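The structure presented is a predicted model; accordingly, all values stated were derived computationally and were not measured.
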Amino acid sequence: LLQRGANLNARDKSGDTALSLAYFNKSSPHVHFLLSLGANPRLRGHSGIAVPDYVVILLHTPDGSAAVRELKKSFDLHAVQEDGCTLLGSATWLGLPSAVHALLDAGLNPNALGWQDRTSLHYAPELLEHPQGLRAFRSLIKAGAKTDIEDRNGDTPLHRAALEGSPSAIIALLENG
């Protein structure tokens, strides 16, 4: 469709773009994909929200240590960000093992509560879809990530893994919980 002139940043009746809705709905693969095609992360509409700068930095800086250095310029690494997420939770949700390692090395708490009171391990299914994801998962566990913390809906990381249909996350969580 893009080759035929479709507008990647087209807005719906509410003013939302595909990217703002993908981020609003926490669809990591779609956020990755739309940003890789050049979607504008600054556009927002009624339902969706603009993709935060820290997400763009994490996705466009493949070296986790370099991403952390860049993030330190504008963000408190330990704070819950404006959209309710933690940087470590977002790196895990985005499936970025290098960033997960670098943020743990920077001393971030793997049990910090972010969006919907979720911890990093609530995003194990997304992390384990990527190369080196299991290694990063094990680093979270080694850093003290708890497998039994419930989110706002009462779901543990194991429940989230089951809801996401992720056998690899279910196995990893059962082996480490």
When you compare the side chain of T119 with that of K146, does any pair of heavy atoms fall below 4.5 Å?
no

Using the salt bridge (Lys or Arg N to Asp or Glu O under 4.0 Å) rule, collect all pairs that involve residues 50-68, keeping only residues at least two apart or in two chains.
R42-D53

Which heavy atom of L8 sits nearest a heavy atom of A39, and at what distance?
CD2-N, 3.2 Å

Spacing of CG belonging to L77 relative to CG belonging to L103, to within rounding of 0.5 Å:
6.5 Å

Qualifying residues under side-chain hydrogen bond (donor to acceptor under 3.5 Å, both in side chains), relative to T61, sequence neighbours excluded:
none

Per-pair distances, 0.1 Å, donor-acceptor, side chain in residues 67-76, under 3.5 Å, sequence neighbours excluded:
unit_1 : atom_1 : unit_2 : atom_2 : d
E70    : OE1    : K73    : NZ     : 3.2
D76    : OD1    : H78    : N      : 3.0

Qualifying residues under side-chain hydrogen bond (donor to acceptor under 3.5 Å, both in side chains), relative to D155, sequence neighbours excluded:
none

Between L19 and P41, what is the shortest heavy-atom contact and its length?
CD2-CA, 3.7 Å

When hydrophobic residues are tied together by side-chain contacts of less than 4.5 Å, even through go-betweens, does F33 share a cluster with Y123?
yes

Which donor-acceptor pairs under 3.5 Å do the side chains of residues 163-175 make with protein atoms, sequence neighbours left out?
unit_1 : atom_1 : unit_2 : atom_2 : d
E164   : OE2    : R160   : NH2    : 3.0
S166   : OG     : A169   : N      : 3.3

Checking the side chain of N111 only, and the main-chain atoms of G144 only, is there a donor and an acceptor separated by less than 3.5 Å?
yes

Is there a continuous path of hydrophobic side-chain contacts, each under 4.5 Å between heavy atoms, that joins V100 to V56?
yes

Are any side-chain N or O atoms of D16 and backbone N or O atoms of L21, one a donor and one an acceptor, separated by less than 3.5 Å?
no

Please determine whether residues L59 and I57 belong to a single hydrophobic cluster, defined as Ile, Leu, Val, Met, Phe, Trp and Tyr linked transitively by side-chain heavy-atom distances below 4.5 Å.
yes

Atom pair CG/NE2 of L35 and H30 - distance to nearest 0.5 Å
13.0 Å

State the NE2-CG distance between H32 and L37, to the nearest 0.5 angstrom.
13.0 Å

Expected list for residues 85-97: side-chain donor-acceptor pairs under 3.5 angstrom, two or more places apart:
unit_1 : atom_1 : unit_2 : atom_2 : d
T86    : OG1    : G89    : N      : 2.9
S90    : OG     : Y54    : OH     : 3.2
S90    : OG     : T86    : O      : 3.0
T92    : OG1    : L88    : O      : 2.8
W93    : NE1    : K26    : O      : 3.2

Name all residues meeting the side-chain hydrogen bond (donor to acceptor under 3.5 Å, both in side chains) criterion together with H60; count only those two or more places apart in sequence or in a different chain, and write none if there are none.
none

Residues passing the side-chain hydrogen bond (donor to acceptor under 3.5 Å, both in side chains) test with S14, sequence neighbours excluded, are none

Pairs under 3.5 angstrom only: tabulate donor-acceptor contacts from the side chains of residues 126-143 to other protein residues two or more places apart or in another chain.
unit_1 : atom_1 : unit_2 : atom_2 : d
S139   : OG     : H101   : ND1    : 3.2
S139   : OG     : R135   : O      : 3.2

Please report the closest heavy-atom contact between S65 and A102, naming both atoms and the distance.
N-CB, 3.6 Å

Return the minimal non-hydrogen interatomic distance between N153 and R118, and the atom names on each side.
ND2-NH2, 4.0 Å

For E150, all residues meeting side chain to side chain contact (heavy atoms under 4.5 Å, CB included), sequence neighbours excluded:
T156

Shared hydrophobic cluster for W115 and V51 (ILVMFWY, side-chain gaps under 4.5 Å):
yes

Running the 4.5 Å side-chain criterion over Ile, Leu, Val, Met, Phe, Trp and Tyr, what cluster does L113 land in, apart from itself?
I149

Donor-acceptor contact below 3.5 Å, side chain Q116 vs main chain G114
no

For P157 versus L121, what's the shortest heavy-atom pair and its separation?
CB-O, 3.4 Å

By salt bridge (charged side-chain N to carboxylate O under 4.0 Å, His left out), D12 pairs with (sequence neighbours left out) none

